[in-house]
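This report concerns only the one structure given below.
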Amino acid sequence: MYLRYNLSKSIHVFITVLLFLAPVVLCETWSTLSTTGTAPIRSDFGSGVIYNDALYIIGGTSGASTVYDTTFKLDLTTDTWSELESMGDTEKRKGHFVTLLNDKIYTFHGISSFFLTSVLSYNIAGNTWSTLSPSGSSPTERVNPCGCSYSNRYAVIFGGTNGGGLYYNDVTIYDSSLNRWLSVTVNGGSPPQMGLCSCSYNSEDGKVYCHGGEDSGGSADEFFSLDITSLTSTTAIVTYEALTPDATFTASNRAVVVSRGRILLLGGFTDIAPSYYEGSTLEFDPILDAWRSPPITNTFTASSGGFAFEYDDKLHLYGGKSRFRSLSEVFVTEYLPRLTTLGYYSTNGDETEVKAPRGKYADSTRAYEPTVCPLGSYQNIKGQSSCVTAPLGYYCGSTGTKWLSDCDECSAGSYGTTTGRWLQSQCASCEAGYFCEGITHREACPEGTSSSATEATSSATCSDCQQTDKQYQPNTGQSSCITVDDGYYVTSDAATSQTICPEGSYCTPTGGKEVCDKGFYADSTGMTECTGADPGYYVDSTESNVQTECPSGTANPDSESTSSASCVACDADKFCAAGACSTCSLIPKGSYADGNGITYTACPSGTYNELEGGTTIAACVDCPGGTYNPSTGGDAFDACLDVDLNYYAASGSSSQTACPDGYYSVVLEIEGVVADSIAICDVCPANTKSLAGNNCTDCGDGFYSFEGASSCLDCAGNGTACLCESGQYATVWSNGTEYCETCNSGYYCLAGIRKECPEGAFSFGGASKCTNTTEMPGWRYHTANRTILPCTGITEYYNETTEMCDQCLPGNKCHSSHITPCPLGFFSEEGGLCEPCLPGTYAPSTGMSGCTACTGNQTSAYGRSYCLPCLDSETAVDGICTTT
């Protein structure tokens, strides 16, 4: 058997050896702890707590009338006593309850010279006491209650007495986090009324265990548990359960402590004759609901009212009251309630433990019976703390299974996915894409295959992916094959991948891989259809990855052409320069064809062509006279530029030519005259000059020139010529004297020189320049003497259109400046004057050159535009009415 005691290292080694030998029972003893410092003497009504390796004793009495307010501390690491801050004279207490909550010591109830109702809190770290004022309904003042800490936050307090024979059985709970008394409801019956009891919390089952105590009848050997089933911020629910006390010794004021799930009772006092104090130890096991005496060979000093606690795996008891004195000793024993070894159990909780048999296990250090292995497990070794989980592929369908061979294997067509199974139905059915031979054997169908069957038992269900179905499978364990994507194909059965369709071919899931026909091509991989040859191209072979361009000078308007014969030569007025033409293009404007269907030439400078399709250079039209084109390729008449003033250009000119020095041109100011030759250049008059392409400019004072001069001469050294005024010329008298004479009509005089006006110009006497006839409308020009006379009034008129004196027309009357049609009833046979129609005639409209005779029996008066009928008694003869 295994023993769990806190022995020295040497004893541990010794015990380890004994583990493999026969069971051994070790007994312990009580001894007195050797301490230093002054220990408090507290016979009864004192209380203590354990905190951070120290025992704290609060208040109490030494058995006499003295009541203490002191706080003592026993350092359990050095076994040294020291006195701390007191509660104060007004808070001396005995018969009170002390507990540890949230790292502070709390004191409740008690009595000094009067009952105390205050709640005190001791800050251990600060060594200070504080008086609290809890909210909620405060319990009745009392002495000698019992209680304990719960969850390190709540103080659970039971019973007590008023000191006058009245005992309480209520349960009160204090919440240290909220500083509040909770409202408590007790279920399960009514607890006994008593005081001088002791309580301790059992963390193993979460219950508070209390033992009496005394009641109105004397010593009370009551034993019960309080189970706190509900806690809120204001309320609590507690379930009371009465337990069976030990029958061997009825005592009160026992020290109660919980160790390893057992409740230990130490010492006590009975007033049942013969009254005495007790130094023994009792142990209660809540699981077995049984009492026993621990294997301790001696007793401590018989006493009651002590404080019991467990520290450093030892059981301790401080103080109390014996028959003869109050105690200050601390008794200690290395005994603690035994723990069974994992894998062992003890049916009666004594030191004898037995290995758990096969098919069972013991997983607790407080095992009283072995536990049967549950479904889905087995155990083939004795003394185990757990069962073996059924491995993958097995299921154990019975409890208490001892051997793996007693478990069943997952059948063929299924396999194990998890451990700990107990039914065949918990074996997974073999999925599609796999085959299972039983247990854990589950194998995937290989790549290139698939299986749609479930619960398959062999690889025979894995079928190859078929090339005829255009399918493949790159993965294992698949339920179906994959149909190739568009643009892919498979090369064999059981294919593990799809192959991309090569250039010159196309692939579809329904048609596989096919080569492109003539007239079609595939220029990239993964094509799902071939591309038809574009217009301007052809494909003359199968499985082609390119289309061929029609050559330059040809065109093909059709798609999907299969030979070069589809490429037709361009017409004479069209071309295809780069090839791959779907249609030939017309020779552009400004050009003409070179005759090869490929190239064309720009029209030369001086020409233009505003039509497409020029086949020869004849399509290029010369720019008309008075214009020129310095560039080639003129595609509109606008390419021909008008010559500038003082320039001219013949038809087809690529540039304009300037009038020579001493000449100028005003042709751009004359409507209808074209500057197409040098004939439009006029000589500059005397006393002016010009350079090529420029207007004539006056020489200015002191200079002179003759017609057609490119520069002027200085008058100095030229006699009297420059002395004559403009409009005069120099001549000599018969006596040889020079003088200036007024210029004649038809001449102009400058710098003393007389020159005749050019044809088309005239002058009056004294002129320094000639005037163009266009500047004198309504005048007749006489070429012989370069003069003008006004148009003759009756027989001529000035024609604004021709800007000349024209002969007056029949049917009109004329003035020198205008012509007017004859009015109604008048005529003019030759033009000039209008005359009235004679009687018997008429002029029905204006502008008549003659009158019309009246017809029938009609007549008219002078100047009439109509005829009137004769009287009934008259007859018209030659348009004159005569009486018959």
Side-chain angles (χ1 to χ4, degrees), residues 31-101 103-112 116 118-131 143-144 146-149 155 198 200 253 255-257 266-267 300-301 303-312 314-322 325-332:
S31 62
T32 303
L33 185 67
S34 177
T35 63
T36 59
T38 302
I41 300 174
R42 300 292 181 263
S43 61
D44 56 9
F45 309 120
S47 192
V49 297
I50 296 296
Y51 179 74
N52 282 357
D53 300 317
L55 166 65
Y56 293 83
I57 299 299
I58 312 299
T61 178
S62 61
S65 60
T66 303
V67 178
Y68 296 98
D69 62 356
T70 55
T71 301
F72 280 87
K73 172 185 176 182
L74 173 62
D75 186 333
L76 294 172
T77 62
T78 62
D79 298 332
T80 302
W81 284 101
S82 60
E83 185 172 354
L84 305 177
E85 179 69 20
S86 68
M87 293 181 289
D89 290 342
T90 59
E91 293 296 343
K92 295 178 180 179
R93 296 184 184 229
K94 68 176 182 177
H96 55 293
F97 166 62
V98 176
T99 191
L100 181 71
L101 303 173
D103 299 327
K104 293 181 180 180
I105 298 174
Y106 287 78
T107 300
F108 303 89
H109 300 298
I111 189 171
S112 178
L116 300 170
S118 59
V119 177
L120 300 184
S121 170
Y122 175 64
N123 186 324
I124 300 175
N127 191 27
T128 57
W129 283 92
S130 301
T131 301
V143 68
N144 296 335
C146 55
C148 63
S149 171
S198 296
S200 187
N253 208 12
V256 177
V257 64
L266 286 71
F300 50 83
T301 300
S303 61
S304 67
F307 174 68
F309 60 94
E310 180 184 335
Y311 174 76
D312 194 26
K314 297 180 182 67
L315 188 62
H316 296 71
L317 177 66
Y318 161 75
K321 179 182 179 182
S322 70
R325 64 184 177 89
S326 295
L327 302 178
S328 61
E329 294 94 331
V330 177
F331 302 103
V332 61

Spacing of CG belonging to Leu76 relative to CG belonging to Leu33, to within rounding of 0.5 Å: 7.5 Å

Minimum heavy-atom distance between Ser328 and Pro40, given as atom pair plus value: CB-O, 3.2 Å

Mind checking the CG-OH spacing from Leu101 to Tyr106? Nearest 0.5 Å is all I need. 6.0 Å

Students often mix this up, so state it plainly: with edges at 30° and 60°, are the rings of Phe309 and His316 parallel, tilted or perpendicular? parallel

Least distance between heavy atoms, Val67 atom then Ile111 atom: CG1-O, 4.1 Å

With heavy-atom distances below 4.5 Å as the criterion, would you say the side chains of Leu84 and Ser82 are in contact? yes

Minimum heavy-atom distance Ser303-Gly319, with the two atoms named: OG-O, 4.1 Å

Find the distance between CG (Leu74) and CD1 (Ile50) and round it off to the nearest 0.5 Å. 8.0 Å

Pairing residues for Ser118 by the side chain to side chain donor-acceptor pair (under 3.5 Å) criterion, not counting sequence neighbours: Glu91, Arg93

Between Ser149 and Leu100 (side chain of the first, backbone of the second, donor and acceptor by atom type, cut-off under 3.5 Å), is there such a pair? yes

Start with the C-alpha distance between Phe97 and Asn144, add both sets of side-chain angles, then the distance that settles side chain to side chain contact (heavy atoms under 4.5 Å, CB included), and finish with yes or no. CA-CA 7 Å; Phe97 166 62; Asn144 296 335; over 6 Å; no

Between Phe307 and the options Val330, Leu55, Leu317, Val98, the side chain to side chain contact (heavy atoms under 4.5 Å, CB included) test singles out Leu55

All heavy atoms of Thr301 vs all of Ser322, minimum pair found to be CG2-CB, 4.2 Å

Ignoring hydrogens, what is the shortest heavy-atom contact between Asp79 and Ser34? Give both atom names and the distance. CB-O, 3.6 Å

Those residues at least two apart in sequence (or on a different chain) that pass side chain to side chain donor-acceptor pair (under 3.5 Å) with Thr80 are Thr36, Thr78

Can you name the residues that form a disulfide (SG to SG under 2.5 Å) with Cys148, not counting sequence neighbours? none

Smallest separation among heavy atoms of Phe108 and His96, with atom names: O-CB, 3.3 Å

Rounded to the nearest 0.5 Å, how far does CZ of Phe300 lie from CG of Leu266? 4.5 Å

Worked verdict on Ile58 versus Trp129 for side chain to side chain contact (heavy atoms under 4.5 Å, CB included): CA-CA 11 Å; Ile58 312 299; Trp129 283 92; 3.8 Å; yes

Approximate separation, where rounding is to 0.5 Å, of Asp103 CG and Tyr51 OH: 3.5 Å

CZ (Phe72) and CD1 (Ile57) are apart, to the nearest 0.5 Å, by 10.0 Å

Taking the side chain as every heavy atom from C-beta outward, state whether Glu83 and Thr70 have any atom pair closer than 4.5 Å. yes

